[in-house]
There are 2 protein chains.
Amino acid sequence: MNILEKITQHKQAFSKSERKVAEVILANPQIAIHSSIAALAKMSDVSEPTVNRFCRRLDTKGYPDFKLHLAQSLANGTPYVNRHVEEDDGPEEYTKKIFESTMASLEVARQSVDINTINRVVDLLTQAQKISFFGLGASASVAHDALNKFFRFNVPVVYFEDILMQRMSCMNSSEDDVIVLISHTGRTKSLVEVAQIARSNDATVVGITSKDSPLAKECNLVLSLEVPEDTDMYMPMASRIAQLTLIDILATGFTLRRGTKFRENLKRVKDTLRGSRFEKRND
Amino acid sequence: MNILEKITQHKQAFSKSERKVAEVILANPQIAIHSSIAALAKMSDVSEPTVNRFCRRLDTKGYPDFKLHLAQSLANGTPYVNRHVEEDDGPEEYTKKIFESTMASLEVARQSVDINTINRVVDLLTQAQKISFFGLGASASVAHDALNKFFRFNVPVVYFEDILMQRMSCMNSSEDDVIVLISHTGRTKSLVEVAQIARSNDATVVGITSKDSPLAKECNLVLSLEVPEDTDMYMPMASRIAQLTLIDILATGFTLRRGTKFRENLKRVKDTLRGSRFEKRND
DNA sequence: AACCTTCTTGTAACTTTTTAACAAAAAAAC
DNA sequence: GTTTTTTTGTTAAAAAGTTACAAGAAGGTT
């Protein structure tokens, strides 16, 4: 709670000398946070203990603690909020809004994600014979990204954008295979069917999707992200970023589980790419 | 400037003992601001003057001043810092770290992005006859995502993952075409060649890439994102998320520029998808 | 390997800052 | 007008932070 507001509210409850202190602080808080109790007492024309008592009356432990609260109030406290883009926003506004909304959504996602499930999914992935990532529409690019990540791990990984290929792939799946299905809404019919096919072949189905959705019901494990959908622009934005971050987390968990030796392998994969690149000059 | 970030950036410049202090503060900044210099020294297992020197190295006047800065950073709503995943992190730790690093990178990206260039790119895109999105490797999924977004706008949009297709597509490009090339490093040889081919056909080339890179030199316009590369895990994570957010911004700028009528169109596209989905029950 | 230099770290003394205790003054109550 | 309560300041003590210096570690040189 903002301490500057608190001071103005409390103003009546202060004594005469304490009010003097309040005036000085409100007049110029920036100077106050950089002053010692002695300096502030002099400015307010009161004694030092009075300033201390003033601080205590605001439920702080003493002067240093009060300064801390004051500093926090002054720090332009604009936490990221999901603000929608408006019709007449200029580039500056919508850029800012989209960045902030994205960060706000990630914060929400972070709090809603279930660590336990993540751990279990990582477990499954490390033990899988084959890993498949499927998504449709906007979620296809998320699956695509997952392919990229897991491909580097030198494990059999599969990705199809085509619904028929997805179905065929699932029909040929077996017990030790893990199928990761990505869908924000979890209501895409064909993806639900893919899940059913995979299940009937005893493959393990992991859903990165909305809780309690039709798709979620068909999955062995569900990683749900409670990201507020951005309805304004009619295209998924934040949800997708959250999904990607989740993929990053799974990939990280995967490498950690595999140990140091495995990561040396990763470095080698990266080094291989060097040939196809322009060297970075160090001048 | 956020002092938590400053600490992580400076980390290399610190001495061994100073780094101990840094660790303790980063691990739990909230506790740090409520501790005396003696308590913090004890927690970090160093002497008090070392803590003091640590503060000075961060351009603060001393410990109290440092605490003030720290308090402000925490209040700022962005306690997010780019912390690297450690060998022995559990699911809880790495999940937290990845979410926070991603958010920290977005914050950095937001500050480094050039609004003016965004506006000019949006200009170009709205006037383009045909828009192409090309990327390779990890950036391919970003291009893929861009395809998904712009496809909904009912404009001629092209995406290829195959380098030969990319080249052929560029050979057939003309003056009114815009080619968007995505590459974090900007050092991928084949993508630079694609840029050259496009340029020689008078197409406009926009690069979402690193400033001053070989690719950047071949582009008409460069959207650079100064995201710290995550070298630890040998795979691009944060950079990709920032690129995607940039795509979101371009897409949003695009729709805003096109006006209300155009957005009604978007809604229709979205409604069309409904048939392929399970209805959401409202009970 | 011994020596020197430079950088890092801790100890001890010192200064500043903050807080506690008490007494004087002011205000309020009887 | 006296007593009680509240407010305020003075003094002293405690706590916190800083400086100066010396011991120790690290790195380079002969």
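These numbers come from a predicted model, not from an experiment. Sequence lines set the chain letters: A, B, ... in the order given, protein chains first and strands last, and positions in each chain run from 1.
- One can place CG of A/D65 at 17 Å from P of D/dA15, the figure rounded to the nearest angstrom.
- B/E193 places no side-chain N or O within 3.5 Å of a backbone atom of B/S190 that could act as its donor or acceptor partner.
- Listed nucleotides C/dT8, D/dG17, D/dT8 differ in distance to B/S36; the shortest reach to its side chain belongs to D/dG17.
- The closest side-chain donor-acceptor pair between B/T102 and B/S105, if any, does not fall under 3.5 angstrom.
- Ring centroid separation for the pair A/F133 and A/F150 comes in under the 6.0 Å cut-off.
- To the nearest angstrom, P of D/dG9 lies 10 Å from CD of A/E18.
- Inspection of the A/R57 and A/N52 side chains reveals no N or O donor paired with an N or O acceptor under 3.5 Å.
- Closest-nucleotide positions on DNA chain D for B/K16 and B/S35 were compared, and the one nearer the 5' end corresponds to B/S35.
- The side chain of B/I37 lies closest to D/dT18, out of D/dT18, D/dT7, D/dG9.
- One interatomic measurement links the two molecules: CZ of A/F14 to C1' of D/dT6, which rounds to 17 Å at whole-angstrom precision.
- Side-chain contact of B/D65 with B/T60: a donor-acceptor pair under 3.5 Å is absent, judged by distance alone.
- Taking atom CZ on B/R19 and atom P on C/dC7, their separation rounds to 16 Å, with Å as the unit.
- With ring centers used as reference points, B/F54 lies 6.0 Å or more from B/Y63.
- Dashed line: the shortest gap from a side-chain N or O of B/S17 to OP1 or OP2 of C/dT9 is under 4.0 Å.
- Within residues 48-64 of chain B, the residues having any heavy atom under 4.0 Å from DNA chain C are, by residue number, B/P49, B/T50, B/R53.
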